[in-house]
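In what follows, residues are counted from 1 in the order of the sequence shown. All values below come from the heavy atoms of this structure, side chains included, with hydrogens, waters and symmetry mates left out.
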Amino acid sequence: MVKIAILGAGSGGAMTANILRRKLDNDEAEITVVDKSTDHFYQPSFYLVPFGYLEPDQSRNINDLLKPGVEFVHDAVTGVDPDGQTVSLADGDDLEYDYLVVATGHRLDPSAMPGLTEAWEDHDDVYPFYHYEAALEMREALENFDGGTFLVTQPDTPIKCPGAPLKMTMLAEDYFQRQGIRDDVEVIMTRNAEHHFGVQPYRDKLYEIWNDRDIEFKENFSVEKVDPDAGVVYGADGEEIEYDLYAPVTPQFGQEPITDNSPLTEGSEDGEYVTIDQHTCQHDAYDNVFALGDCENAPHSKTAAAARKQAHVVGKNLTSAIRDMPLRAEYDGYAACPLLTKKGKALIAEFDYEGAISAPVESKMNWIMDVNVLPSVYWDAWMKGYDPLP
């Protein structure tokens with residue numbers, strides 16, 4: 001019997017575990033998932049909860065997500081030795097494996113933005129909404145906000161769900177409109193890039209929407225530090241932006257046990273990401289290691305929709321590897337981002353390695369799909385290893 005270790009019980013890890021459990025008999029493979037948390041959060045809720053569009057309780061216990069026959073180990077990974085085929089754990093014995101799946105996601109590090117931790121902990125106008133606690137706290141702050149500058153910034157690091165800052169910005173602008181204070185609010189979003197969204201034709205459609213609604217985008221703005229006492233964000237070029245309500249995206253990195261205590265990220269551009277073949281999701285140096293989701297270096301958008309597609313590729317290819325068969329499944333770079341433009345309206349950006357797949361159509365049906373339908377599909381189908389949507 002082969003031993004499969006899966007690091008991370010987020011979207012990619014949980015889906016892959018359940019897919020493999022369906023494909024492999026219990027006497028064919030022992031599957032173990034390791035995570036330092038017992039809670040799995042529905043992260044798309046983090047930009048919906050502040051506006052009351054989803055209720056806060058959007059998490060599940062990991063043991064309830066995993067199929068029978070998948071063992072869950074509640075422990076922190078401290079390192080990986082792919083030559084010795086072991087995973088080091090903080091509290092338990094080393095975990096031996098024959099095959100390894102790395103799905104450790106991104107590490108949020110507020111301390112990497114000088115002033116951000118202090119601003120969040122000691123002030124009532126800064127809410128880094130990629131953190132669940134900040135998303136909850138932001139709900140009351142929005143209710144009490146009566147005017148000024150609403151600011152969203154992005155770090156220079158890659159981020160998961162690159163559309164989330166845009167959604168936060170557009171939903172906030174619409175919220176202020178509905179509250180009757182829009183004329184008293186300046187809405188600004190920054191990014192250290194030429195454009196706020198990387199893929200056409202969605203970019204031009206978003207520019208059209210933002211121009212119509214007087215939402216300001218500051219391009220090529222790199223956050224240097226936050227001064228919470230002055231209510232100012234300083235750019236690397238000396239530019240200053242004052243704020244009255246601030247929703248920064250936290251800097252994000254690879255997980256330190258993988259980046260610092262394993263050779264799996266060697267060869268990636270900044271040493272932060274597990275290096276894989278962008279189609280098979282197999283590690284470029286270790287044939288018995290696969291990776292997917294936010295933790296690897298394939299040139300795709302870091303979204304749950306991407307992990308969902310990759311999970312099936314990893315499930316098929318790892319099963320083939322166990323059975324000494326060729327790896328035929330290929331990930332085409334698919335990612336999807338429901339861009340919520342206002343309450344009741346959204347457009348769906350779908351794209352792969354080749355470019356856009358869907359048209360940039362703003363509709364009520366897209367909103368219903370994302371807010372009312374997708375959470376149930378996520379929990380009841382995707383997390384269980386099924387894929388009812390194309």
With ring-ring contact (aromatic ring centres under 6.0 Å, His included) as the criterion, how do Phe176 and Phe150 come out once you've worked through the C-alpha distance, each side chain's angles and the decisive distance to 0.1 Å? CA-CA 10 Å; Phe176 301 141; Phe150 177 78; 5.5 Å; yes
Report the C-alpha separation of Arg60 and Phe41 in whole Å, then their side-chain angles, then the decisive distance to 0.1 Å, and conclude whether the side chain to side chain contact (heavy atoms under 4.5 Å, CB included) test is met. CA-CA 7 Å; Arg60 299 286 189 277; Phe41 285 91; over 6 Å; no
From CA spacing to verdict: side chain to side chain contact (heavy atoms under 4.5 Å, CB included), Thr153, Met189: CA-CA 6 Å; Thr153 65; Met189 190 194 81; over 6 Å; no
Trp210 vs Glu173, side chain to side chain contact (heavy atoms under 4.5 Å, CB included): CA-CA, chis, key distance, verdict: CA-CA 10 Å; Trp210 287 37; Glu173 190 278 337; over 6 Å; no
Residues Thr190, Phe217; criterion side chain to side chain contact (heavy atoms under 4.5 Å, CB included); working and verdict: CA-CA 6 Å; Thr190 76; Phe217 170 60; 5.8 Å; no
Evaluate Lys345 against Glu362 for salt bridge (Lys or Arg N to Asp or Glu O under 4.0 Å), listing each step before the verdict. CA-CA 6 Å; Lys345 288 290 183 70; Glu362 191 182 12; 5.6 Å; no
Let me see the working for Phe351 and His300 under ring-ring contact (aromatic ring centres under 6.0 Å, His included), right down to the final yes or no. CA-CA 9 Å; Phe351 43 92; His300 63 82; 10.0 Å; no
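Taking Ile, Leu, Val, Met, Phe, Trp and Tyr as hydrophobic and joining them when side-chain heavy atoms fall under 4.5 Å apart, one finds Val87 in a cluster with Leu7, Val34, Val73, Val77, Val80, Leu89, Leu95, Tyr97, Leu100, Val102, Ile258, Leu264, Val274, Ile276, Tyr286, Val289. Apart from Val2 itself, the hydrophobic cluster it occupies contains Ile4, Ile6, Leu20, Leu24, Ile31, Val33, Ile62, Leu66, Val70, Phe72, Tyr99, Val101, Phe290, Leu292, Val314, Leu318, Ile322, Leu327, where clustering links Ile, Leu, Val, Met, Phe, Trp and Tyr at side-chain heavy-atom distances under 4.5 Å. Within the hydrophobic cluster formed by Ile, Leu, Val, Met, Phe, Trp and Tyr side chains joined at under 4.5 Å, directly or through other members, Trp120 stands alone, with no partner residue. Grouped by direct or indirect side-chain proximity (heavy atoms under 4.5 Å, Ile/Leu/Val/Met/Phe/Trp/Tyr only), Phe253 sits alone.
Between atom CG of residue Leu116 and atom NZ of residue Lys225 there is a gap of 14.0 Å, rounded to the nearest 0.5 Å. Between the CG atom in Asn297 and the OG1 atom in Thr275 there is a gap of 5.5 Å [rounded to 0.5 Å]. We find the CG-CE distance between Asp98 and Met1 to be 11.0 Å, quoted to the nearest 0.5 Å. To the nearest 0.5 Å, atoms OG (Ser363) and CG (Leu347) are separated by 8.5 Å.
Here the side chains of Tyr42 and Pro375 are in contact, with some heavy-atom distance below 4.5 Å. Residues His74 and Asp35 fail the side-chain proximity criterion, which asks for heavy atoms closer than 4.5 Å. Side-chain atoms of Glu240 and Val233, non-hydrogen and from C-beta on, never get closer than 4.5 Å to each other. Between Pro248 and Val126, the closest side-chain pair of non-hydrogen atoms falls below 4.5 Å. The shortest distance between side-chain heavy atoms of Ser301 and Cys337 does not fall below 4.5 Å. Between Tyr132 and Pro56 there is a side-chain heavy-atom pair separated by less than 4.5 Å. Inter-residue side-chain proximity for Leu340 and Tyr47 is flagged as met; some heavy-atom pair is nearer than 4.5 Å.
For the side-chain contact (heavy atoms from CB on, under 4.5 Å) test with Leu245, the passing option among Leu142, Thr149, Leu151 is Leu142; the others fail. Here the options are Gln310, His283, Gln278, the test is side chain to side chain donor-acceptor pair (under 3.5 Å), and the partner is Glu296; only Gln310 passes.
Put simply, Val373 and Met383 are part of the same group of oily side chains (I, L, V, M, F, W, Y) that touch within less than 4.5 Å, one to the next.
Cation-pi contact between Lys167 and Phe46: absent, since separation from the ring centre below 6.0 Å together with deviation from the ring axis within 45° is not met. Note that Arg22 lies in the cation-pi zone of Tyr386, set by a 6.0 Å cut-off to the ring centre and a 45° limit from the axis.
Between Glu219 and Arg191, none of the side-chain N atoms (NZ, or NE/NH1/NH2) sits under 4.0 Å from a carboxylate O, so this pair counts as no salt bridge. Using a cut-off of 4.0 Å between Lys/Arg side-chain N and Asp/Glu carboxylate O, Glu194 and Lys218 are scored as not salt-bridged.
Relative ring orientation between Trp379 and His40 is described as perpendicular, the plane-to-plane angle rising above 60° on a 0-90° scale split at 30° and 60°. Taking the six-membered ring where tryptophan is involved, the planes of Tyr273 and His106 are tilted, since the angle between them lies from 30° to 60°. Taking the six-membered ring for Trp and thresholds of 30 and 60 degrees, Tyr53 and Trp367 have ring planes more than 60 degrees apart, a perpendicular arrangement.
Sorted by first and then second residue, the side-chain hydrogen bond (donor to acceptor under 3.5 Å, both in side chains) pairs with a member in residues 314-331 read Glu28-Arg323; sequence neighbours excluded.
Checked against side-chain hydrogen bond (donor to acceptor under 3.5 Å, both in side chains), Lys160 has the following partners two or more places apart in sequence or in another chain: Gln43.
Between the Asp174 side chain and the Met170 main chain, no donor and acceptor come within less than 3.5 Å of each other.
Minimum interatomic distance between Phe129 and Pro165 (heavy atoms only, all atoms of both residues): CZ-CA, 4.2 Å. Nearest heavy atom pair, residue Val313 against residue His279, reads CG1-O, 3.6 Å.
In the displayed structure, Lys67 atom NZ is contacted under 6.0 Å by more than 12 heavy atoms of other residues, nucleotides or ligands.
For His123 and Tyr246, the ring centers sit 6.0 Å or farther from each other.
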